[in-house]
Amino acid sequence: MGSPAIITAAICGAETTRELTPYLPITADELGDEAARCREAGASVIHLHVRRDDGTPTQDKALFQKAIDAIRKRCDVIVQTSTGGAVGMSADERAQPLECTPPPDMATLNAGSLNFGDDVFLNPFPLVREFARRMHAKKIAYELECYDVGHVEACLRLAQEGVIKLPAPFDFVMGVPGGIQATADNLQFLVGKLPRGSTFNVAGLGRQQLPMAELSLKLGGHARCGLEDNIYVSKGVLARGSFELVARVAELAKAAGREVATPAQAREILRL
Ligand code: KMH
Ligand code: ZN
């Protein structure tokens with residue numbers, strides 16, 4: 001068996017709606033139950049967003065606290081809170097989950113700005129520096145979210161400044177309209193840009209989710225799946241939850257000769 005593969009389940013996100021899929025978890029109990037199903041299927045990390053009861057995205061600290069507590073009550077996964085939130089949110093709004101107690105194991109650190117469909121997802125250097133500072137202060141590990149090649153290079157610059165420490169876990173988010181597209185060539189190019197010793201995760205959007213997960217696993221990387229990025233388990237068939245996508249990725253890992261990482265193994269790989 002090759003090295004253990006970490007499966008991250010992005011169970012909610014900020015953009016997927018109940019109109020698109022009735023299987024989207026929204027309340028703390030729904031998020032907790034879905035996290036437990038994903039853990040059962042092979043996920044060791046939950047990438048977490050939260051929603052108000054009406055389904056709209058928020059970064060409200062109290063709602064994160066409730067969701068994290070609900071997850072922790074049910075299973076031992078690594079909780080990675082979003083600091084991206086939804087486009088248009090202020091930096092202070094986005095940073096709220098970092099204030100939960102105890103702090104989340106991990107949080108995303110979005111490495112740069114990009115067109116995000118018709119919107120703009122803003123991550124100017126001062127915001128990234130400030131989020132990194134807060135994460136270091138709370139001993140929260142970051143996953144570096146890169147939506148384009150320049151974002152990987154921005155991480156190198158931030159490391160030179162001493163703002164972030166490398167090696168670190170990277171996540172290549174591929175297929176955002178405005179970011180790098182989800183192709184094999186592009187992934188190989190991104191992997192070639194990785195600083196020595198860093199790990200990589202791949203989040204392919206839409207129909208590219210499972211193919212990009214498969215390629216990442218073959219290249220020695222990790223894989224993210226779930227309703228945040230893709231709602232279909234096969235053409236025209238809705239996944240009945242992120243757990244179905246996790247189960248597919250677990251099969252792909254085994255086919256690639258990789259064992260599926262437990263949360264304990266994932267903690268070691270991610271140096272948590
Ligand atoms: N919802 C996207 C605009 C993150 O979680 O850190 C940003 C996002 C990234 O989902
Ligand atoms: Zn997210």
Side-chain angles (χ1 to χ4, degrees), residues 7-17 20 24-26 31 34-35 38 43 45-52 55-61 63-64 67-68 71 77-98 100 104-124 127-128 130-132 134-135 140-148 151-152 154-155 158 164 168-180 182 201-206 209 222-231 242 245-246:
I7 303 176
T8 296
I11 60 179
C12 175
E15 289 81 25
T16 306
T17 63
L20 292 171
L24 186 76
I26 286 179
L31 290 163
E34 183 60 30
C38 288
V45 179
I46 298 293
H47 170 72
L48 186 66
H49 288 250
V50 296
R51 307 291 182 101
R52 298 184 189 88
T56 54
T58 172
Q59 290 285 102
D60 181 70
K61 179 185 155 189
L63 288 176
F64 265 100
I68 294 170
I71 293 170
V77 284
I78 295 164
V79 176
Q80 178 198 79
T81 54
S82 170
T83 63
V87 286
M89 288 180 178
S90 71
D92 281 342
E93 189 176 3
R94 285 168 53 180
Q96 288 179 77
L98 304 179
C100 288
D105 303 291
M106 277 189 108
T108 54
L109 185 60
N110 290 278
S113 304
L114 77 156
N115 284 339
F116 202 92
D118 290 345
D119 297 310
V120 182
F121 183 33
L122 281 173
N123 296 290
L127 177 149
V128 184
E130 174 57 18
F131 281 17
R134 292 193 200 189
M135 290 183 210
I140 300 169
Y142 35 72
E143 182 183 70
L144 301 166
E145 309 299 310
C146 296
Y147 303 80
D148 217 329
H151 297 163
V152 182
C155 290
L158 289 163
I164 62 167
F170 282 69
D171 183 28
F172 301 138
V173 184
M174 304 181 73
V176 172
I180 196 163
N201 187 16
V202 176
L205 264 60
Q209 182 168 83
H222 306 288
R224 170 170 130 174
C225 60
L227 300 188
E228 172 164 345
D229 305 326
N230 163 45
I231 59 174
S242 296
L245 295 158
V246 172

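One-based numbering, in listed order, for ligands and for the atoms of each. Atom set for the values below is all heavy atoms of this structure, side chains included, hydrogens, waters and symmetry mates excluded.
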Which N/O atoms of ligand 1 sit under 3.5 Å from a protein N/O, and at what distances?
from     : atom 1 : to   : atom 2 : distance (Å)
ligand 1 : 1 (N)  : E15  : OE1    : 3.3
ligand 1 : 1 (N)  : E15  : OE2    : 2.8
ligand 1 : 1 (N)  : G85  : O      : 2.8
ligand 1 : 5 (O)  : H47  : NE2    : 3.1
ligand 1 : 5 (O)  : H49  : NE2    : 3.0
ligand 1 : 5 (O)  : S82  : OG     : 2.7
ligand 1 : 6 (O)  : S82  : OG     : 3.4
ligand 1 : 6 (O)  : G84  : N      : 3.2
ligand 1 : 6 (O)  : T108 : OG1    : 2.6
ligand 1 : 6 (O)  : N110 : ND2    : 2.9
ligand 1 : 10 (O) : H49  : NE2    : 3.2
ligand 1 : 10 (O) : E228 : OE2    : 3.0

Can you tell me how far apart CD1 (I140) and CZ (R134) are? Round to the nearest 0.5 Å.
10.5 Å

For a 4.5 angstrom cut-off between non-hydrogen side-chain atoms, does V50 reach T58?
yes

Does L48 reach the side chain of I71, with side-chain heavy atoms less than 4.5 Å apart?
yes

Checking side-chain hydrogen bond (donor to acceptor under 3.5 Å, both in side chains) between N201 and each of H222, R224, E143, which is the one that passes?
E143

For distances below 2.8 Å, what is the count of protein N, O or S atoms around the Zn ion (ligand 2)?
3

Which heavy atom of S242 sits nearest a heavy atom of E34, and at what distance?
N-OE2, 2.8 Å

Could you check whether any side-chain heavy atom of P57 comes within less than 4.5 Å of a side-chain heavy atom of E15, counting everything from C-beta outward?
no

Any chance you could measure I78, atom CD1, to I46, atom CD1, to the nearest 0.5 Å?
10.0 Å

For the pair K61 and D92, find out whether any cationic side-chain nitrogen is under 4.0 Å from an anionic carboxylate oxygen.
no

Name the orientation class of the two ring planes belonging to Y147 and H151 (parallel below 30°, tilted from 30 to 60°, perpendicular beyond 60°).
perpendicular

